[in-house]
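Right, one structure below, let's go through it.
Worth saying up front: this structure is predicted, and the values here are computed from it rather than measured. Numbers here simply count residues along the sequence, with the first being 1.
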Amino acid sequence: MLLTVLSWLCASLLVSVGGGKLPEAEVQIEVLHRPFLCHRKSKYGDILLVHHDGYFENGTVFHSSRAEGDKQAVWFTLGIREAIKGWDKGLQDMCSGEKRKLIVPPALAYGKEGRGKIPPESTLTFVIEVLEIRNGPRSHESFQEMDLNDDWKLSKHEVKVYLRKEFERHGYPPNDTLHENMMEDIFAKEDENKDGFISSREFTYRHDEL
């Protein structure tokens with residue numbers, strides 16, 4: 001039964017935005033197409049299948065998923081910084097089949113450093129079409145609640161605090177030895193790079209053991 005409780009505790013997907021920070025730059029959003037019927041809208045923690053074209057300010061294309069590589073749409077998880085921040089902000093509340101144009105300032109793209117063919121301090125434009133929306137394996141609310149210091153990674157202490165709270169909330173008495181054993185089991189399965197922390201990305205993807 002305890003393994004069932006553990007599975008339930010860690011059974012949803014993540015992401016959150018840290019609090020107490022200065023306001024960030026905003027993404028300019030233009031809806032190019034929205035289907036008449038919309039059965040669900042994208043939210044943090046969802047997995048999106050998208051086609052995208054990226055442009056510099058002068059209109060030059062720097063990437064197109066339809067024209068480059070295997071020409072396949074790509075999956076990514078919304079809200080966990082798997083893509084640039086501008087995507088996490090600009091692709092919320094989208095319908096399957098919707099297409100948007102995003103103008104992303106450097107602070108929400110590749111910033112002062114740039115990346116690859118993207119020069120530093122580049123404002124980028126993306127035309128993005130969402131082809132499919134799926135539930136993510138875990139909830140961003142769970143990660144946010146566990147991440148007590150908002151550093152986008154979970155320490156062993158944070159996981160133990162969360163387990164203790166959840167057990168008490170569901171009527172189980174505190175049991176530090178049990179919580180310690182459960183925490184060690186979670187880290188053995190989730191801490192893939194063995195650095196003593198569970199990163200947001202490590203937390204996001206469900207393992208078969210759980």
Side-chain angles (χ1 to χ4, degrees), residues 13-36 38 40-136 139-141 143-144 147 149-153 199-205:
L13 178 92
L14 89 129
V15 168
S16 159
V17 194
K21 299 179 181 178
L22 293 174
E24 290 186 319
E26 293 298 324
V27 178
Q28 296 181 44
I29 301 172
E30 179 183 352
V31 177
L32 302 178
H33 172 74
R34 178 174 290 155
F36 180 73
C38 184
R40 66 178 293 178
K41 292 187 177 181
S42 60
K43 64 182 185 305
Y44 278 168
D46 284 341
I47 301 175
L48 309 185
L49 180 65
V50 302
H51 264 308
H52 62 285
D53 300 309
Y55 302 85
F56 293 119
E57 285 188 283
N58 64 6
T60 301
V61 178
F62 64 82
H63 181 74
S64 173
S65 61
R66 288 185 170 89
E68 299 178 17
D70 59 9
K71 301 180 182 179
Q72 299 295 311
V74 296
W75 288 100
F76 87 103
T77 305
L78 183 63
I80 66 168
R81 301 185 186 180
E82 192 171 286
I84 60 173
K85 289 183 181 180
W87 279 32
D88 284 342
K89 286 176 171 287
L91 300 184
Q92 297 180 60
D93 297 318
M94 287 188 73
C95 306
S96 180
E98 183 173 339
K99 182 184 289 188
R100 286 184 182 179
K101 176 181 177 181
L102 309 181
I103 299 178
V104 183
L108 300 179
Y110 297 103
K112 297 178 181 179
E113 293 78 22
R115 178 178 296 181
K117 64 178 73 172
I118 311 296
E121 297 291 357
S122 293
T123 295
L124 304 175
T125 297
F126 295 92
V127 175
I128 302 175
E129 181 180 5
V130 172
L131 304 177
E132 188 175 344
I133 303 170
R134 294 184 182 178
N135 292 326
S139 79
H140 69 278
E141 291 89 353
F143 189 88
Q144 180 182 11
D147 186 19
N149 61 357
D150 294 325
D151 63 354
W152 288 79
K153 59 185 179 182
S199 68
S200 61
R201 184 173 179 82
E202 286 171 331
F203 179 86
T204 302
Y205 295 99

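In this structure, CE on M94 lies 7.5 Å from CD1 on I133, to the nearest 0.5 angstrom. For the atom pair CD1 of I47 and CD of E132, the computed distance is 10.0 Å after rounding to the nearest 0.5 Å. Distance CZ/F56 to OG/S122: 6.0 Å, rounded to 0.5 Å. In this structure, NE2 in H63 is found 5.0 Å from CD in E68, a value given to the nearest 0.5 Å.
No side-chain heavy atom of Q92 sits less than 4.5 Å from a side-chain heavy atom of K43. For the pair V130 and S42, the minimum side-chain heavy-atom distance is 4.5 Å or more. In this structure, the side chains of L91 and L48 come closer than 4.5 Å at one or more pairs of heavy atoms. Residues T77 and D46 are not in side-chain contact: their nearest non-hydrogen atoms beyond the backbone lie 4.5 Å or more apart. Contact check for L108 versus W87: no side-chain heavy atoms found under the 4.5 Å cut-off. Counting heavy atoms from C-beta on, the side chains of R100 and V31 come closer than 4.5 Å. Considering only heavy atoms from C-beta on, C95 comes within 4.5 Å of P35 through its side chain. Within the 4.5 Å cutoff, no side-chain heavy atoms of T60 are placed close to those of F62.
Contact record, I103 with T123: CG2-CG2, 3.8 Å, taken as the closest heavy-atom pair. Across every non-hydrogen atom of K89 and I29, the tightest pair is O-CD1, 4.5 Å. Contact between D93 and E98 at its shortest, heavy atoms only, is O-OE1, 4.1 Å. Nearest heavy atom pair, residue S65 against residue H51, reads OG-ND1, 2.7 Å. When every heavy atom of L131 is checked against every heavy atom of S96, the shortest pair comes out as O-OG, 2.9 Å. In terms of heavy atoms, I128 sits closest to H52 at CG1-CB, 3.9 Å.
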Could you walk me through whether E121 and K112 satisfy the side-chain contact (heavy atoms from CB on, under 4.5 Å) test, starting with their C-alpha distance in whole Å, then the side-chain angles of each, then the deciding distance to 0.1 Å, before giving a yes or no?
CA-CA 5 Å; E121 297 291 357; K112 297 178 181 179; 3.1 Å; yes
Derivation and outcome, side-chain contact (heavy atoms from CB on, under 4.5 Å), residues Y110 and L124:
CA-CA 9 Å; Y110 297 103; L124 304 175; 3.8 Å; yes
Applying salt bridge (Lys or Arg N to Asp or Glu O under 4.0 Å) to K85 and D88, what does each step give before you reach the verdict?
CA-CA 5 Å; K85 289 183 181 180; D88 284 342; over 6 Å; no
Apply the test side-chain contact (heavy atoms from CB on, under 4.5 Å) to residues V104 and T125: give CA-CA distance (whole Å), side-chain angles for both, the deciding distance (0.1 Å), then the verdict.
CA-CA 6 Å; V104 183; T125 297; over 6 Å; no
Could you give me the CA-CA distance, side-chain angles and deciding distance for V127 and Y55, then say whether side-chain contact (heavy atoms from CB on, under 4.5 Å) is met?
CA-CA 8 Å; V127 175; Y55 302 85; 4.0 Å; yes
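Heavy-atom neighbours of R115 CZ from other residues, nucleotides or ligands within 6.0 Å: at or below the threshold of 12.
In summary, K99 and E30 do not engage in a salt bridge, as defined by a charged side-chain N under 4.0 Å from a carboxylate O.
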